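Notes follow once the structure below has been shown.
Keep in mind the model is a prediction, meaning the values are calculated, not measured.
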Amino acid sequence: MSYSGGFLLQLTQRCKILPNQMKQIHSLIITNGHLLHHSNAPSSSLSDQWMPTLLYNALIHADLIHERKVFLFTHMLANQAPPNSHTFPPLLKSSPLPVGTTLHSQTLKRGLLSDPFILTALLSLYARNHLLPHAHRVFEEFPRLCIVACNAMLSAFSINGHMEAAVEFLERMPQRDVFSWTTVVNGFALNGNFGASIRFFGKMMSHEDVVLGLVKPNEATCASVLSSCANLDNKVALECGKQVHGYVVVNEANLGVNVETSLIHLYGKMGCLSNAEKVFRVMVVRKVCTWNAMISSLACHGREKEALDMFEKMKLHGLKPSSITLVAVLTACARGNFVREGLELFRSMWQDFGIEPTMKHYGCVVDLLGRAGHVEEAAEIIRNMPFKPDVSVLGAFLGACRIHGAIELGEEIGKKMLNLQRPLGGTYVLLSSMNAEKERWDRASDLRREITEAGIQKIPAYSMVYLT
DNA sequence: TTAGGGTTAG
């Protein structure tokens, strides 16, 4: 088996090969008596046995697709190019658990298991597959403690929800860098404890690491804490977010696209649309997620038409909408009563953008039809879904049934919802209210009684007005 | 000297 020059060239073009790597590849080809002129050069063949470990490593590192990395790895073994400590980390990083464990034994067999880069990659492999004890065992294998290994261990605790252990570990580390602190700030957020994430950021800022100038929060830290502020959804968090915004403006030459996107998300979610727009307008680089944040902010605050205009603009900028963009745009359609546009978009999203509708998209389109009074069509969508609807989809439908008095359909779906998961007080209340509105008092009070009998607590709803 | 740890949108 052999590589042709054309294949090699294709591979190197697809991968991000550095100039000096390219020179190495080129010189290899020349020393083998073959010359590459241009892309459609006659396919000169290059025997694999001349491709040394270094070249395979460069290709494995550069390739974006895991399967191709594995292909190159097996190719390398078949051609007696011995893998070394540089070969495994990029492979392990993209490996699912079964492949990763095989590679683990390969490193053991080849005597590479004391290499810190390989150990870090193994630690992360087990951590992201929720095998914390395995990760910890790998951590103990490190011949020398280093800060990167500690940070990987911090991340392992965070991913697996052991935040107390993470904090304790961080406090006992001989030294911490900005990665250490960011990992924990983000860890709390990962586990849904946004308040703790913000408080921990505060702790970081008053810790001697920062006070003495040993550590300085960077874009990742700020993006992470801003996202926690947005998710916490209260006035204190908005104020905290504004402080972070101020900090970044004073301390950095430019904010960076991730911080800017988090700011748009924060301001947009809190209803400060003018602030969100101000950030958006002056941005130099905008990513798909930036547009997503702006579109959903507009969609959720009564500016549905502008959200749709923004979507058009995004496409004009040559960006490819993501699954989340479609959720935001469909939300805008549902709330703005753009039924035709929404349905068209939903039906063509696969064809136009290659995006498969998920539960969220179904939820949006059921909401879209339901709000507009097309209850039967909404039911039809649910019946034809390729997977089982969850409470969000059924809930949107039930809401529509209530608004439009479709009591029979509502009862049917309501029952499904009650069977689907642990009974939710809200579902009973909604069903009961629907019956009450139709003056079916017996059924309404039965449902109310079922709530008490099942020992379900309905969390009282509340509204709040912030004074600015 | 081609390598390891933390980043935003629903």
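- When rounded to the nearest whole Å, the span between CG of L330(A) and C1' of dA9(B) equals 15 Å.
- Nearest heavy atoms, M270(A) versus N234(A): CE-O, 3.7 Å.
- In this structure, the nucleotide among dA9(B), dA3(B), dT2(B) sitting nearest to the side chain of P89(A) is dA3(B).
- Nearest to the side-chain atoms of I324(A) among the listed nucleotides dA3(B), dG10(B), dT8(B) stands dG10(B).
- If you measure from atom CG of L226(A) to atom P of dT7(B), you get 14 Å, rounded to the nearest angstrom.
- Base engagement by K287(A) is indicated by at least one non-hydrogen atom pair under 4.0 Å involving a base atom.
- Residue-level contact check: C150(A) touches neither bases nor backbone, having no heavy atom under 4.0 Å from any strand.
- Here T221(A) does not reach the OP1 or OP2 of dT7(B): none of its side-chain N or O atoms lies under 4.0 Å away.
- Spacing between atom CG of L123(A) and atom C1' of dA3(B) amounts to 16 Å, rounded to whole angstrom units.
- Within a 6.0 Å radius of CD in E140(A), other residues, nucleotides and ligands contribute more than 12 heavy atoms.
- Relative to the side chain of E219(A), the nucleotides dG6(B), dG4(B), dT7(B) differ in distance, and dT7(B) lies closest.
- When heavy atoms are screened at a 4.0 angstrom cut-off, P90(A) is found touching no nucleic acid atom at all.
- Side chains of S228(A) and N231(A): no donor on one and acceptor on the other come within 3.5 Å.
- Put simply, H265(A) does not rest on the base of dT8(B): the two rings are not both less than 5.5 Å apart at their centres and under 30° in tilt.
- With rounding to the nearest 0.5 Å, the separation of CG in L113(A) from CD in Q106(A) is 12.0 Å.
- When the P atom of dA3(B) is taken as reference, atom CG of L119(A) falls 18 Å away, rounded to whole Å.
- The side chain of H86(A) approaches dT1(B) more closely than any other nucleotide in the set dG4(B), dT1(B), dG6(B).
- A donor and an acceptor atom never sit less than 3.5 Å apart when one is taken from the side chain of D115(A) and the other from the base of dG4(B).
- The side chain of A223(A) approaches dT7(B) more closely than any other nucleotide in the set dA9(B), dT7(B), dG4(B).
- Contact annotation for S224(A): no contact, since no heavy-atom pair falls under 4.0 Å across all strands.
- Among the nucleotides dT2(B), dT7(B), dG4(B), the one closest to any side-chain atom of C146(A) is dG4(B).
- Of the residues in residues 173-201 of chain A, D177(A), F179(A), T182(A), T183(A), N186(A) come within less than 4.0 Å of DNA chain B through at least one heavy atom, sorted by number.
- Remark: P of dT2(B) and CG of L59(A) are 14 Å apart, rounded to the nearest angstrom.
- Taking all atoms of both residues into account, the shortest heavy-atom contact from I295(A) to A328(A) is CG2-CB, 3.8 Å.
- As rounded to whole Å, 10 Å separates atom P of dT8(B) from atom CG of N231(A).
- The aromatic rings of F157(A) and H162(A) sit tilted relative to each other, their planes meeting at an angle between 30° and 60°.
- Listed candidates were dA9(B), dA3(B), dT8(B). Nearest to the side chain of A293(A) is dA9(B).
- Residues satisfying the side chain to side chain contact (heavy atoms under 4.5 Å, CB included) test with E239(A), not counting sequence neighbours, are K235(A), K242(A).
- Spacing between atom CG of L255(A) and atom C1' of dT7(B) amounts to 14 Å, rounded to whole angstrom units.
- Nucleotide dT2(B) holds its C1' atom 7 Å from the CG atom of L54(A), rounded to whole Å.
- For P321(A), the side chain to side chain contact (heavy atoms under 4.5 Å, CB included) partners two or more places apart in sequence, or in a different chain, are F311(A), M314(A), K315(A), T325(A), L326(A), F353(A).
- Closest contact between the side chain of V148(A) and the listed nucleotides dG10(B), dG4(B), dT8(B) involves dG4(B).
- Looking at S348(A) and D352(A), their side chains do bring a donor and an acceptor atom within 3.5 Å of each other.
- For C289(A), the listed nucleotide lying nearest its side chain is dA9(B); candidates were dA9(B), dG4(B), dG6(B).
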